[in-house]
Amino acid sequence: MSTPLKTKIQVPRSRDLEVDGVKYNRAGSSRSRFEMFAWLFMRMSGIVLIVLVFGHLFVNLMVGEGVHAVDFGFVGGKWANPFWQVWDLVMLWLAMLHGTNGIRVIIDDYAARNTTRFWLKVLLFVASAFVILLGTMVIFTFEPCPAGADPSLLASFCSAH
Amino acid sequence: MSTAVTENQNQDAQQTDDAGEEAIPTYDIVLRVRRYDPEFETEAHWDEWPLTMYGTDRVLDALHKVKWELDGSLSFRRSCAHGVCGSDAMRINGRNRLACKTLLKDLDLSKPILVEPIKGLPCEKDLIVDMEPFFQSYREIMPFLVNEDHTPTGERFQSQDDRARFDDTTKCILCAACTSSCPVFWTDGQYFGPAAIVNAHRFIFDSRDQAGDMRLEILNDKEGVWRCRTTFNCTEACPRGIQVTKAIAEVKKAVFASAL
């Protein structure tokens with residue numbers, strides 16, 4: 001996992017310390033680089049998200065007719081273009097992972113008991129996986145004018161309407 | 001270097017006793033101390049003493065006055081009483097400070113002065129906490145010089161620039177004011193804490209030391225530098241004026257440099 005250390009020396013250890021049921025010893029060291037990459041990911045995704053989110057807001061709310069142009073057809077038109085599909089996909093994934101990791105960290109900081117921590121994280125990961133998968137599916141399978149649908153339910157720009 | 005914390009300007013609002021007899025002005029203050037004695041009670045409570053103190057007195061002098069003249073059962077640690085030993089870190093008016101470096105005249109004396117033990121460490125009695133979790137983290141980062149080379153007959157030379165690299169973090173007196181001001185440490189005490197990282201920094205950036213890789217590995221832990229949220233409580237609390245949060249950020253960068 002990591003490169004072997006040059007230094008060969010014993011780390012001083014302490015007696016087990018438990019006061020009123022609270023363990024003050026660290027639960028053992030974790031030789032994982034996950035936290036390091038999570039920290040880096042937060043910074044990198046934050047920078048990219050600034051561009052993506054403000055670009056998204058600018059294109060949707062300012063360009064052309066601005067906010068008045070946003071409707072079902074506007075979204076359908078955007079997702080017919082692979083450029084906006086990729087833009088929205090990247091924005092969805094980065095925003096969800098950035099937010100999920102942020103809340104994971106908050107849970108670690110504020111939940112005092114391990115069981116509380118565990119269940120809050122299960123809830124968090126399930127919810128975020130659901131949103132990521134649903135969003136990804138919608139971006140790629142979105143069909144503004146599904147063939148064979150009831151014409152009265154279709155948007156005004158569809159040929160079958 | 002020293003961080004004098006001033007809450008208000010009481011200098012103008014002093015009362016002088018009989019001029020001539022008392023050259024030093026005196027104040028009437030109220031000292032509120034959080035008391036806890038596990039032999040007689042299960043919950044902590046607050047005790048209050050009105051005191052007349054001199055303008056040159058510190059919070060430690062007020063505690064001494066109580067202990068020596070009013071209530072001998074009041075317990076707190078202090079050794080040198082001059083900001084060097086780091087024994088008397090406590091929470092004064094909600095902020096971690098050394099009682100021996102906090103002048104009464106710098107505090108808001110219109111309200112009682114609140115004195116509590118530092119947070120996040122198990123309270124043993126009154127203002128005395130069990131420092132073992134704090135020192136455990138300190139020991140784990142190996143706060144000693146590791147050098148496998150032949151022992152030189154004289155000193156190990158170092159350029160002034162190399163020495164300046166870690167000068168700030170050599171000032172630590174291990175009072176625990178920083179670690180016990182850290183909200184991440186309060187939660188479960190698993191985080192290494194600012195003080196341990198500061199003392200690791202002192203050796204990681206020392207050109208004479210050779211175990212930097214191991215210290216970085218230790219601090220790359222789940223409970224290591226990545227739990228720092230840069231709230232700057234530690235930097236604000238440090239009675240020695242160490243740029244603690246900056247030192248932690250430098251260790252983060254060094255972890256990246258060694259891991260990537």
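Labels below follow one simple rule: chain letters A, B, ... track the order of the sequence lines, proteins then strands, and each chain is numbered from 1.
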- Message: Within a 6.0 Å radius of atom NE2 on B/H45, are there more than 12 heavy atoms belonging to other residues, nucleotides or ligands?
- Response: yes

- Message: Can you tell me if A/E65 has over 12 outside heavy atoms packed within less than 6.0 Å of its CD?
- Response: no

- Item | Neighbour count above 12 (heavy atom, 6.0 Å) for A/F54 CZ | no

- Around A/Y110, counting heavy atoms of other residues, nucleotides and ligands shown, do more than 12 lie under 6.0 Å from its OH? no

- In Å, rounded to the nearest 0.5 Å, how long is the span from CG of B/D221 to OG of A/S32? 9.0 Å

- Message: If I compare all heavy atoms of B/K222 with all of A/E35, which pair ends up nearest, and what's the gap?
- Response: CA-CG, 3.9 Å

- B/R229 side, atom CZ; A/I106 side, atom CD1 - distance, nearest 0.5 Å: 9.0 Å

- Message: Please find the pair of heavy atoms, one from A/R33 and one from B/A259, that lie closest to each other, and give the distance.
- Response: NH1-O, 2.9 Å

- Query: Does a sphere of radius 6.0 Å around CD in B/E41 hold more than 12 heavy atoms from other residues, nucleotides or ligands, not counting ones at 6.0 Å or beyond?
  - Reply: yes

- Task: Could you tell me which of B/V255, B/T187, B/V225, B/L216 has the largest number of non-hydrogen atom pairs under 4.5 Å with chain A?
- Result: B/T187

- Hey, which residues of residues 75-89 of chain A are touching chain B, say heavy atoms under 4.5 Å apart? none

- Query: For B/W46, does the CH2 atom have more than 12 heavy-atom neighbours from other residues, nucleotides or ligands under 6.0 Å away?
  - Reply: yes

- Inter- and intrachain pairs under side chain to side chain donor-acceptor pair (under 3.5 Å), touching residues 39-55 of chain A, at least two apart: A/S45-A/H98

- Message: Between B/R227 and A/D109, is there a side-chain heavy-atom distance shorter than 4.5 Å?
- Response: yes

- Above 12 or not: heavy atoms from other molecules or residues under 6.0 Å from NZ of B/K246? no

- Side chain, backbone, both or neither: which part of A/A111 has a heavy atom under 4.5 Å from chain B? backbone

